[in-house]
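Input: one structure, supplied below.
Within every chain, numbering begins at 1; the chains are lettered A, B, ... in the order of the sequence lines, protein sequences first and strands thereafter. As the structure is a computational prediction, the values presented were derived from the model and not from experiment. The figures here come from the full heavy-atom set of this structure, side chains too, leaving out hydrogens, waters and symmetry mates.
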Protein chains: 2
Amino acid sequence: MQQGKSAETPPRGQAPKRKRVTKAQQREATIAQILDAGEYLFSRRGFFGVTLKDIAEEVGVHTSLIHYYFDDKEALFEQVVARRAPLVNEKRVAAMDRYEREAGGDITVAGALHAFLDTNLELYDSGEEWRNYGALAGLINNSSEWGARLMDDNFDSAVLRLVELLRKALPDCSEADLFWGYHFVSGALTLTLARTGRIDKLSGGACDSNDFAAVRQRMAEFMAAGFTTVCGRSKGPGGATG
Amino acid sequence: MQQGKSAETPPRGQAPKRKRVTKAQQREATIAQILDAGEYLFSRRGFFGVTLKDIAEEVGVHTSLIHYYFDDKEALFEQVVARRAPLVNEKRVAAMDRYEREAGGDITVAGALHAFLDTNLELYDSGEEWRNYGALAGLINNSSEWGARLMDDNFDSAVLRLVELLRKALPDCSEADLFWGYHFVSGALTLTLARTGRIDKLSGGACDSNDFAAVRQRMAEFMAAGFTTVCGRSKGPGGATG
DNA sequence: ATTATCTATAGATCTATAGATAATGC
DNA sequence: ATTATCTATAGATCTATAGATAATGC
């Protein structure tokens, strides 16, 4: 079913192996291939549904090579998750910083959510590796303890920055309302990233799991209205529900 | 770590085995225990993270007994999912039917969502078995193909009934807006059911993953505001955002 | 000399089946 | 006689390690 180790097709779109490169380059390239393959496979079947052999075959190397580069399966999984998280956070924070600067004192819920979500949805739609990574995040976010811990470790900082903006937009909103609101956003976002295809079938074709542009057109406004309503009031004139 | 096979502690709250019962009763009891144990374990670690031996030990029987009652591991998993789905759907539909009857012609988005969500959140908080089942649904909903198919097979009917009500409340809303809205609701709901504990830590204690009453107080109104805003207009006087 | 990769294998599972045993059913 | 449960085991993995091999590094 998979492309196997045919020398013709370089696995997962990586460069073909061994082509006049230094050892350091070769090392980095192989590690990246293993992480890519793990990301791809873990995103479909979860931690326990993937064997090191699956990953090794996807890359076209022997299983023992994975042990050469990674302590164990769990460490590999955590590195898969950790690899792209910093860029996710940087982009989120950069977008929110920019928004805050441009908004001056007039921060709105919708504005903050647009900054947080739109950049993010674009990133997670910007290539196969990001689509896989998003689907993996979707799985992890709905998994019990271990998943919650991984989400904490990797994504909390930027999320707290969002909540800070929301707090400025809704100064009278309770902490519980703010964080439950974020919880709803988080569930909706990670289900989107998971691209399970459920909404496609359910909607009889009106929606397409892979149409992130459609999500961007709706999600920030949808959630902003929720925050504004639940928190009981918008922030003064020119409120957030536009 | 688990309670093992101590004869004193009946596993998963089931009745102790073999107590003057007919074979049919014994059969049903054992099957129920296996499904309960599977539900519990699958909800924490997913399909691949649980072995038949894990389940057998949790129940206190031999692994081969699971094969006696179930074709294979996959069939067991599907039966775990299928077992409680009819009751979920019945309760959802009954609540929505009642709401529609009582509302007369004046169906609101918030009313429909309250009917769908509140009954559901209550059910999923009504005992350990329901908490486990909800967490399992949370996992499945964010899993790729197989998960989406299981959700379709088990939960579509009641969901389509909800969309029907929403369509009546928002007659000018596009199908895409309706179903994307449901997609957001679905993600938020299944993350809630998963009870991962993430929001507890993130909010510094302001929220508690297990406080479904707090979710009930917020979720329907939050989502109703989202639908109403994204669909562009509410349905005439006395609209839905109250 | 170092290191990227492979071969070989240990030891521990895992799912599933065949067949034995010990109850209940009638 | 039937059936709920257990014993024993086949055959297939799975993770991980030890040690060999074949490149690059200097």
Please list every stem that involves DNA chain D, where a stem is a run of 3 or more consecutive Watson-Crick or G-U wobble pairs with both pairing distances under 3.5 Å.
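In DNA chain D, stems of three or more pairs: C:1-24 with D:1-24.
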Grab the CG-C1' distance between A:Leu76 and D:dC14 for me, whole Å please.
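In whole Å, D:dC14 C1' lies 15 Å from A:Leu76 CG.
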Quick one: closest heavy-atom pair of B:Ala37 and B:Val59, and the distance?
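Minimum heavy-atom contact is CB-CG2, 3.6 Å.
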Which nucleotide in D:dA8, C:dT3, D:dC14 has an atom nearest any side-chain atom of B:Ser64
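Given the options D:dA8, C:dT3, D:dC14, the side chain of B:Ser64 is closest to D:dA8.
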NE2 of A:His62 versus P of D:dT15: gap in Å, rounded?
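It is 12 Å, rounded to the nearest whole Å.
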Return the value, rounded to whole Å, for the distance between atom CD of B:Gln25 and atom C1' of D:dT3.
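Taking CD of B:Gln25 and C1' of D:dT3, I get 15 Å after rounding.
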Would you mind reading off the distance between A:Ile31 atom CD1 and C:dA4 atom P, rounded to a whole angstrom?
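Nearest whole value for this atom pair: 8 Å.
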Does this structure show an ion pair linking A:Arg83 with A:Glu39, if we count only N-O contacts that are shorter than 4.0 Å?
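Here A:Arg83 pairs with A:Glu39 in a salt bridge, since their nearest N and O are under 4.0 Å apart.
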Ring pair (Phe, Tyr, Trp, His ring centres under 6.0 Å) partners of residues 184-219 of chain A, not counting sequence neighbours, each pair once:
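Every ring pair (Phe, Tyr, Trp, His ring centres under 6.0 Å) pair that includes a residue of residues 184-219 of chain A, provided the two are not neighbours, is A:Phe184-B:Phe222.
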Among residues 66-73 of chain B, which contact DNA chain C at a heavy-atom distance under 4.0 Å?
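Per residue number, the list reads B:His67, B:Asp72, B:Lys73.
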So what does A:Thr51 hit on the nucleic acid, given a heavy-atom distance under 4.0 Å: a base, only sugar-phosphate, or nothing?
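The answer is sugar-phosphate, as A:Thr51 gets under 4.0 Å only of primed atoms, P, OP1 or OP2.
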Starting at CZ of A:Phe48 and ending at P of C:dT13, how long is that distance when rounded to a whole Å?
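In whole Å, C:dT13 P lies 15 Å from A:Phe48 CZ.
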Value in whole Å for how far the C1' atom of D:dA16 lies from CD1 of A:Ile55
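The answer, rounded to whole Å, is 14 Å.
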Would you please test A:Tyr124 and A:Val88 for side chain to side chain contact (heavy atoms under 4.5 Å, CB included) and show each step?
CA-CA 9 Å; A:Tyr124 279 121; A:Val88 174; 3.5 Å; yes
Counting side-chain heavy atoms from CB outward, which of C:dT15, D:dT5, C:dT5 is closest to B:Gln26?
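Nearest listed nucleotide: D:dT5.
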I need the CD-P distance between A:Glu57 and D:dT15, as an integer number of Å.
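Spelled out: CD on A:Glu57 to P on D:dT15 is 12 Å.
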Record whether the side chain of A:Thr30 comes under 3.5 Å of the base of C:dT5 through a donor-acceptor pair of N or O atoms.
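Answer no: no donor N or O sits under 3.5 Å from an acceptor.
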Identify whether the distance between the nearest side-chain nitrogen and carboxylate oxygen of B:Arg84 and B:Asp36 falls below 4.0 Å.
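Answer for the salt bridge query: yes.
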Carboxylate-amine/guanidinium proximity below 4.0 Å for B:Arg195 and B:Asp125
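Judged by the 4.0 Å cut-off on N to carboxylate O distance, B:Arg195 and B:Asp125 do form a salt bridge.
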Given side chain to side chain donor-acceptor pair (under 3.5 Å), test B:Thr196 with A:Asn142 step by step and report yes or no.
CA-CA 7 Å; B:Thr196 65; A:Asn142 276 44; over 6 Å; no
Please state whether the base of D:dT2 and the side chain of B:Lys23 form at least one donor-acceptor pair under 3.5 Å?
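Per atom types, the contact qualifies.
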Non-neighbouring partners of A:Arg218 that pass salt bridge (Lys or Arg N to Asp or Glu O under 4.0 Å), sequence neighbours left out:
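Result, salt bridge (Lys or Arg N to Asp or Glu O under 4.0 Å) vs A:Arg218: B:Asp177.
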Can you give each donor-acceptor pair under 3.5 Å made by side-chain atoms of residues 149-163 of chain A, sequence neighbours left out, with the distance rounded to 0.1 Å?
| from | atom 1 | to | atom 2 | distance (Å) |
| --- | --- | --- | --- | --- |
| A:Arg149 | NE | A:Asp153 | OD2 | 3.3 |
| A:Arg149 | NH2 | A:Glu78 | OE2 | 3.1 |
| A:Asp152 | OD1 | B:Arg198 | NH1 | 3.2 |
| A:Asn154 | ND2 | A:Leu150 | O | 2.8 |
| A:Asp156 | OD1 | B:Arg198 | NH1 | 2.7 |
| A:Arg161 | NE | A:Asp97 | OD1 | 3.1 |
| A:Arg161 | NH2 | A:Asp97 | OD1 | 2.8 |
| A:Arg161 | NH2 | A:Glu100 | OE1 | 2.7 |

Can you list the residues that meet the ring pair (Phe, Tyr, Trp, His ring centres under 6.0 Å) rule with A:Tyr133, with sequence neighbours excluded?
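Listed in chain order: A:Trp130.
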Which one, C:dA16, C:dA8, D:dG25, comes nearest to the side chain of B:Leu52?
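The closest nucleotide is C:dA16.
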Would you indicate what B:Leu65 reaches in the nucleic acid, counting non-hydrogen atoms under 4.0 angstrom: base, sugar-phosphate, or nothing?
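Counting heavy atoms under 4.0 Å across all strands, the contact made by B:Leu65 includes a base.
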Given D:dA23, D:dA4, C:dT15, identify the nucleotide with an atom nearest to the side chain of B:Arg27.
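So the side chain of B:Arg27 is nearest to D:dA4.
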